[in-house]
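Read through the structure below, which is laid out as structure tokens, and then see the notes.
Just so it is clear, the values below take in all heavy atoms, side chains as well, and ignore hydrogens, waters and symmetry mates. Labels below follow one simple rule: chain letters A, B, ... track the order of the sequence lines, proteins then strands, and each chain is numbered from 1.
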Amino acid sequence: MTLFAQTRLAVAAALKALYPDAEIKDTMISVNLTKPEFTGDYTVVLFPFVKLLRMKPDALGVQLGDYLVANTDLFSSYAIVSGFLNMAVKDSVWGSFLLNNFSNAHYGEQVKKDNRVMVEYSSPNTNKPLHFGHMRNIFLGAAVSQILKATGNEVVKANLINDRGIHICKSMIAWEKLGNNATPESAGMKGDHLVGHYYVKFNDLYKAQVAELIAAGKDEKAAEKEAPIMLEAQEMLRKWEAGDPAVYLLWQTMNGWVYEGFDVSYKKMGITFDKTYHESETYLLGKALVQSGLEKGVLFKKEDGSVWIDLKDEGLDEKLLLRGDGTSVYITQDLGTAKLKYDDFKLDQSIYVIADEQNYHMQVLKLILKKMGEPCGDGIHHLSYGMVELPSGRMKSREGTVVDADDMVEEMITLSREQAEQNGKTAGFTEEELGKLYDTVGLGALKFYLLRVDPKKKMIFDPKESIDLHGFTATFIQYAHTRICSILRKENVPLMPSVSHFQAFELTEEIAPLEKAMILHLEQYPTVLAAAADEYNPSELCIYAFQLSQTFNSFYDVHSISKAENEEKKQLRLMIVVMAASVLRHSMNLLGITLPEKM
RNA sequence: GGUCCGGUAGCUCAGCUGGAUAGAGCACCAGCCUUCUAAGCUGGGGGUCAUUGGUUCGAAUCCAAUCCGGAUCACCA
């Protein structure tokens with residue numbers, strides 16, 4: 001148990017012992033970290049009990065403080081400042097905290113529980129390459145997966161590829177018309193970029209045809225419907241659904257190019273999946289569910305044969321589940337896929353990382369499953385995140401205003417190289433080491449940038465202002481880590497020393513404020529990690545790791561390790577920095593960010 | 001119009017289960033490298049926490065109303 005939690009329990013026990021007749025609820029006990037400007041480590045807010053106990057805050061504080069010091073082994077003293085009881089934890093407690101945890105590579109993790117959860121993320125369409133918006137989705141999903149694993153869950157990372165539909169046919173038509181049988185090899189392009197290129201071409205052609213029709217006297221709506229290239233795309237989709245061999249072959253070929261391109265991008269970004277679903281294989285699955293819903297009387301049929309669900313009593317409207325011609329719609333597929341996932345893995349929870357524009361869709365999906373009595377609906381959680389926008393508004397792949405994912409990665413790597421060269425940081429590295437380092441720094445900065453903001457907030461990204469490598473960034477944390485590694489190299493202490501490494505350590509001197517600040521931060525890590533998991537929010541780890549690095553930099557500035565005042569101080573500080581480096585690595589690894597030993 | 005999300009320093013964001021004088025980073029200004037990596041540290045200026053009212057010992061945080069921005073309410077996916 002964390003010291004923080006122990007303090008809460010101790011306060012609860014103390015109150016019960018002191019005032020056995022008072023009904024003190026757990027929620028009334030508010031324990032916080034003591035603000036740096038006051039002496040003490042943990043603060044108990046006294047106001048909530050004042051009314052109940054009919055006591056002045058200060059009088060209550062004295063009784064509670066005295067009791068805690070006398071009856072627990074945790075606290076050495078206390079101070080009361082205007083209604084706040086500031087408890088000082090004994091130095092010896094901090095000493096054993098360090099000794100017990102400094103060499104624990106799994107510090108902060110939770111024991112395995114019987115809970116299987118799927119996280120679906122990335123989920124790209126195969127008509128265009130990944131862009132900056134996808135990266136937020138991908139990094140979020142990957143990070144949340146890792147965080148859930150670290151907090152004891154069994155995690156299945158899933159990717160649902162949208163490989164069919166009119167958008168794919170658009171790329172195919174344009175390639176047929178304009179491609180001259182170009183392949184990724186002949187065009188010298190990544191496959192996903194090649195296919196994306198023809199998707200843009202399609203829209204160029206389409207717009208031109210619409211303009212032509214309008215010039216010929218058609219109104220806009222009719223023109224958009226009748227543009228020949230659009231009719232061709234729709235015809236191609238019908239052929240695909242009918243299993244036309246030529247269309248099917250082209251579809252397979254072009255999707256194959258896209259997958260090769262995606263694989264390169266995923267690999268560069270360090271992203272993997274345990275399971276890949278393809279919509280072409282799942283899009284018909286929902287129909288059986290709809291049929292059983294009809295039999296159960298949850299759904300109803302209209303005269304034209306279309307199937308609906310009535311969600312009016314939930315404050316929503318009627319929702320179509322199957323077209324009159326019996327073909328499925330978007331939500332039908334999702335119903336089927338939800339059940340498939342559940343049956344495949346016996347899931348307790350199923351997390352969908354999907355942009356917030358689909359909040360309504362996900363709400364409806366859950367409601368329908370619930371009404372149909374499908375157990376797979378219970379564990380569904382929509383991890384909704386805000387879109388990444390440009391200063392000029394949303395990115396539109398049709399209009400080619402997207403910031404491409406591969407380009408962005410390359411740009412960040414270039415930026416990290418420029419920064420390193422500017423700072424004269426390249427000495428003592430081989431070319432190969434430098435290349436690896438720039439990847440680490442560039443990608444780290446990118447991931448951190450996208451993860452440091454609360455997922456539900458939308459982000460505005462200005463590509464003209466490149467991502468900074470100073471301040472609240474991965475680079476800052478990476479740098480703090482390399483400084484620690486440098487100390488450890490000098491002192492011949494391994495990155496992960498054995499439990500017995502500091503067994504001779506004995507605490508006799510008072511712990512200095514910045515040493516204490518480090519220890520207090522380290523003690524918070526399990527609490528922060530648990531909160532990040534509860535809220536599916538990796539940004540909490542970003543903030544935590546940044547603050548720990550900040551505190552370390554101040555500590556580093558004031559307290560020398562190799563020139564510590566004495567051997568005891570040296571050992572204490574070594575334990576602190578060993579553990580700090582370990583916690584930094586642990587938290588950043590969960591976000592997919594690597595911390596180098598030299599930079 | 002209904003529903004949901006957001007509005008905190010010039011900019012990007014923390015803080016939101018009510019708690020001490022509202023915090024970071026960037027940008028700006030002034031200092032700090034013969035000492036473990038200056039991609040760093042120290043200090044400074046910069047705020048009507050959108051507005052109004054309410055609840056409370058105490059409100060950026062909770063409630064209500066209003067204003068502004070966004071998303072969504074398809075037989076598209």
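Atom CZ of A:Phe448 is separated from atom P of B:rA14 by 12 Å (rounded to the nearest Å). Atom pair A:Phe476:CZ and B:rC41:P shows a separation of 4 Å (rounding to whole Å applied). When rounded to the nearest whole Å, the span between CE of A:Met28 and P of B:rG19 equals 15 Å. Following rounding to the nearest Å, A:Gln358 (CD) and B:rA74 (C1') show an atom-to-atom distance of 13 Å. Across the protein-nucleic acid pair, A:Tyr385 atom OH and B:rG70 atom C1' stand 16 Å apart, rounded to whole Å. Rounding to whole angstrom units, CD1 of residue A:Ile460 and P of B:rG7 are separated by 13 Å. In this entry the distance linking CG of A:Asp557 with C1' of B:rC36 reads 12 Å, nearest Å. Between A:Ile354 atom CD1 and B:rC4 atom C1' the separation is 16 Å, expressed in whole Å.
Between B:rU51 and B:rG69, the distance separating the two C1' atoms is 15 Å to the nearest Å. The same atom, C1', is picked in B:rG47 and in B:rC73; the two are 38 Å apart, to the nearest Å. With P as the reference atom, B:rC28 and B:rC11 are 16 Å apart, rounded to whole Å. One P atom belongs to B:rA39, the other to B:rC5, and the distance between them is 44 Å to the nearest Å. Comparing the same atom, P, in B:rG44 and in B:rC26 gives a spacing of 16 Å after rounding to whole Å. Rounded to the nearest Å, the gap between the P atom of B:rA9 and that of B:rC4 is 26 Å. To the nearest whole angstrom, the two P atoms, one in B:rU56 and one in B:rC63, are 16 Å apart.
Remark: B:rC26 base-pairs with B:rG10. Criterion, Watson-Crick or G-U wobble with two distances under 3.5 Å. When both pairing distances are held under 3.5 Å, B:rG1 makes a Watson-Crick or G-U pair with B:rC73.
Counting non-hydrogen atoms under 4.0 angstrom, A:Gln547 reaches nothing in the nucleic acid. Counting any heavy atom pair closer than 4.0 Å across all strands shown, A:Asp304 reaches a base atom. If you check every strand for non-hydrogen atoms under 4.0 Å, A:Ala420 touches a base. If you check every strand for non-hydrogen atoms under 4.0 Å, A:Val45 touches a base. Using a 4.0 Å heavy-atom criterion, one finds that A:Glu279 contacts the sugar-phosphate atoms exclusively. The residue A:Phe546 sits close only to the backbone: its heavy atoms come under 4.0 Å of sugar-phosphate atoms, none of a base. Contacts of A:Ile543 with the nucleic acid, taken as non-hydrogen atoms under 4.0 Å apart, involve only primed sugar atoms and P, OP1 or OP2. Across all strands, A:His382 comes closer than 4.0 Å to no nucleic acid atom at all (heavy-atom distances). Using a 4.0 Å heavy-atom criterion, one finds that A:Tyr556 contacts the bases of the nucleic acid, with or without backbone contacts as well. Residue-level contact check: A:Thr43 touches the bases, meaning some heavy atom is under 4.0 Å from a base atom. Using a 4.0 Å heavy-atom distance criterion, A:Met599 is classed as a base contact. Nucleic acid contact class of A:Ser82 (heavy atoms, under 4.0 Å, all strands): none.
Within the structure, a side-chain polar atom (N or O) of A:Arg323 is placed less than 4.0 Å from OP1 or OP2 of B:rC76. The phosphate of B:rA77 has neither OP1 nor OP2 within less than 4.0 Å of any side-chain N or O from A:His361. Proximity of A:Gln550 to the phosphate of B:rG25: a side-chain N or O atom is located under 4.0 Å from OP1 or OP2. Regarding contacts with the backbone of B:rA14, every side-chain N or O of A:Tyr544 stays at 4.0 angstrom or more from both OP1 and OP2. Residue A:Asn359 places none of its side-chain N or O atoms closer than 4.0 Å to OP1 or OP2 of B:rA71. The side chain of A:Lys457 places no N or O atom within less than 4.0 Å of a non-bridging phosphate oxygen (OP1 or OP2) of B:rG70. At B:rC36, none of the side-chain N or O atoms of A:Arg573 fall inside 4.0 Å of OP1 or OP2 (strictly under the cut-off). Within the 4.0 Å cut-off from OP1 or OP2 of B:rC4, not a single side-chain nitrogen or oxygen of A:Ser384 is found.
Under the 4.0 Å criterion applied to side-chain N and carboxylate O atoms, A:Arg238 and A:Glu241 are not assigned as salt-bridge partners. In summary, A:Lys458 and A:Glu357 do not engage in a salt bridge, as defined by a charged side-chain N under 4.0 Å from a carboxylate O. A salt bridge is defined here as a Lys NZ or Arg NE, NH1 or NH2 lying under 4.0 Å from an Asp or Glu carboxylate O, and A:Lys598 with A:Glu433 fails to meet this definition. A salt bridge does not link A:Glu568 with A:Arg573: none of the charged nitrogens is closer than 4.0 Å to a carboxylate oxygen.
With values rounded to the nearest 0.5 angstrom, A:Ser384 atom OG is found 9.5 Å from A:Gln358 atom CD. Between atom OH of residue A:Tyr199 and atom NZ of residue A:Lys170 there is a gap of 4.5 Å, rounded to the nearest 0.5 Å.
Taking the six-membered ring for Trp and the full ring otherwise, the centers of A:His381 and A:Tyr536 sit less than 6.0 Å from each other.
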Under 3.5 Å, which donor-acceptor pairs do the side chains of residues 538-545 of chain A form with other protein atoms, sequence neighbours left out?
| unit_1 | atom_1 | unit_2 | atom_2 | d |
| --- | --- | --- | --- | --- |
| A:Ser539 | OG | A:Asn537 | OD1 | 2.7 |
| A:Ser539 | OG | A:Asn537 | ND2 | 3.4 |
| A:Tyr544 | OH | A:His521 | O | 2.7 |

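With hydrogens and angles left out, the side-chain atoms of A:Asp334 and A:His361 include a donor and acceptor closer than 3.5 Å. A:Asn125 and A:Asn162 share a side-chain donor-acceptor pair at under 3.5 Å.
The aromatic ring of A:Tyr479 does not sit over the base of B:rG40, since the test of centres under 5.5 Å and planes under 30° is not met. Per the stacking criterion (ring centres < 5.5 Å, plane angle < 30°), A:Phe472 does not stack onto the base of B:rA24.
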For A:Tyr121 and A:Asn159, run side-chain hydrogen bond (donor to acceptor under 3.5 Å, both in side chains): C-alpha distance rounded to whole Å, both residues' side-chain angles, the deciding distance at 0.1 Å, then the answer. CA-CA 6 Å; A:Tyr121 57 99; A:Asn159 191 5; over 6 Å; no
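Put simply, the side chain of A:Asn86 and the base of B:rA20 share a donor and an acceptor less than 3.5 Å apart.
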For nucleotides 55-57 of chain B, give me every protein contact, N/O to N/O, under 3.5 Å, one pair per line with atom names.
| unit_1 | atom_1 | unit_2 | atom_2 | d |
| --- | --- | --- | --- | --- |
| B:rC57 | OP1 | A:Lys51 | NZ | 3.4 |

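Closest-nucleotide positions on RNA chain B for A:Ser306 and A:Leu469 were compared, and the one nearer the 5' end corresponds to A:Leu469.
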